[in-house]
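Please read the structure below before turning to the comments.
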Amino acid sequence: QVQLVESGGGLVQPGGSLRLSCAASGSIFSIDDMGWYRQAPGKQRELVAVMYNGGRTNYADSVKGRFTISRDNTKNTAYLQMNSLKTEDTAVYYCNAQGVYSVQFGIGDYWGQGTQVTVSS
């Protein structure tokens, strides 16, 4: 089974930093796009950042200049470096992969289980 596993969440003070990781596994041949979404209590899930297979990126306006997405395609892993964190960044962060090519399971889109990020003093 193809799986995405997030890690790196936790509790930080405003102005602090966290680095999230998303590791994809399951006999994967390649992945087109990898991104990060978040969902705060009472809010809809929203796109935070995405990196397309050509290296181009897209960020939510609320995180531009503070967050950076990166990928290591040899490891099928995506990262989200979060700096200058604000209380408004508190949410469950989900990894998303689109166009996942698996030799056993074909082509599909997948979500991780989520990792909690809490920004509080």
Side-chain angles (χ1 to χ4, degrees):
Q1 184 70 46
V2 171
Q3 289 185 317
L4 306 181
V5 179
E6 301 102 330
S7 61
L11 173 64
V12 297
Q13 294 182 343
S17 297
L18 281 175
R19 187 174 188 243
L20 306 183
S21 299
C22 171
S25 63
S27 64
I28 294 171
F29 182 78
S30 65
I31 301 174
D32 285 342
D33 312 321
M34 297 190 75
W36 293 91
Y37 290 71
R38 68 185 181 188
Q39 188 165 22
K43 305 288 187 179
Q44 293 186 352
R45 189 173 298 186
E46 64 174 349
L47 175 69
V48 177
V50 61
M51 179 174 284
Y52 305 103
N53 57 5
R56 288 175 281 105
T57 59
N58 188 35
Y59 294 90
D61 288 340
S62 59
V63 307
K64 285 182 178 178
R66 300 188 298 119
F67 291 9
T68 303
I69 188 171
S70 59
R71 289 173 63 172
D72 184 344
N73 291 329
T74 66
K75 300 167 63 176
N76 292 319
T77 300
Y79 307 92
L80 185 68
Q81 179 67 47
M82 304 184 293
N83 298 326
S84 302
L85 283 161
K86 306 175 180 179
T87 57
E88 304 95 281
D89 297 317
T90 296
V92 177
Y93 284 70
Y94 297 91
C95 181
N96 173 255
Q98 297 188 21
V100 180
Y101 298 77
S102 170
V103 296
Q104 287 205 15
F105 306 112
I107 306 172
D109 303 335
Y110 296 91
W111 290 92
Q113 82 287 350
T115 185
Q116 177 71 48
V117 172
T118 302
V119 185
S120 176
S121 59

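If you're wondering where the values come from, they're calculated on a predicted model, not measured in any experiment. Residue indices begin at 1 and follow the sequence shown. Keep in mind that the numbers below use all heavy atoms, side chains included, and drop hydrogens, waters and symmetry copies.
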Problem set entry | Phe105 reachable from Ile107 in the ILVMFWY side-chain graph, under 4.5 Å edges | no
For this session: Would you kindly confirm whether Met82 and Met51 end up in one hydrophobic cluster when ILVMFWY residues are joined by side chain heavy atoms under 4.5 Å apart?
Result: yes
Verify, without hydrogens or angle tests, whether [X] (side chain) and [Y] (backbone) share a donor-acceptor contact under 3.5 angstrom.
{"X": "Gln104", "Y": "Gln1", "result": "no"}
{"X": "Tyr59", "Y": "Ile69", "result": "yes"}
{"X": "Asn58", "Y": "Ala49", "result": "no"}
{"X": "Gln39", "Y": "Ala91", "result": "no"}

Exercise. What orientation do Tyr93 and Phe67 show, parallel under 30°, tilted 30 to 60°, or perpendicular over 60°?
Worked result: tilted
Exercise. Please walk me through it: do Gln116 and Thr90 pass side chain to side chain contact (heavy atoms under 4.5 Å, CB included)?
Worked result: CA-CA 8 Å; Gln116 177 71 48; Thr90 296; 4.1 Å; yes
Problem set entry | Heavy-atom side-chain proximity of Trp111 to Arg45 below 4.5 angstrom | yes
[X] side, atom [atom1]; [Y] side, atom [atom2] - distance, nearest 0.5 Å:
{"X": "Leu80", "Y": "Glu6", "atom1": "CG", "atom2": "CD", "result": "11.0 Å"}
{"X": "Leu47", "Y": "Trp36", "atom1": "CG", "atom2": "CH2", "result": "12.5 Å"}
{"X": "Met34", "Y": "Cys95", "atom1": "CE", "atom2": "SG", "result": "4.0 Å"}
{"X": "Asp32", "Y": "Asn53", "atom1": "CG", "atom2": "CG", "result": "5.0 Å"}

Ignoring hydrogens, what is the shortest heavy-atom contact between [X] and [Y]? Give both atom names and the distance.
{"X": "Gln113", "Y": "Leu4", "answer": "OE1-O, 3.3 Å"}
{"X": "Asp89", "Y": "Arg38", "answer": "OD1-NH1, 2.9 Å"}
{"X": "Gln98", "Y": "Tyr37", "answer": "NE2-OH, 4.4 Å"}

Which pairs of donor and acceptor atoms, one on a side chain in residues 9-31, lie under 3.5 Å apart (sequence neighbours left out)?
residue: Ser17; atom: OG; partner: Asn83; partner atom: OD1; Å: 2.9
residue: Ser27; atom: OG; partner: Ser102; partner atom: OG; Å: 3.2

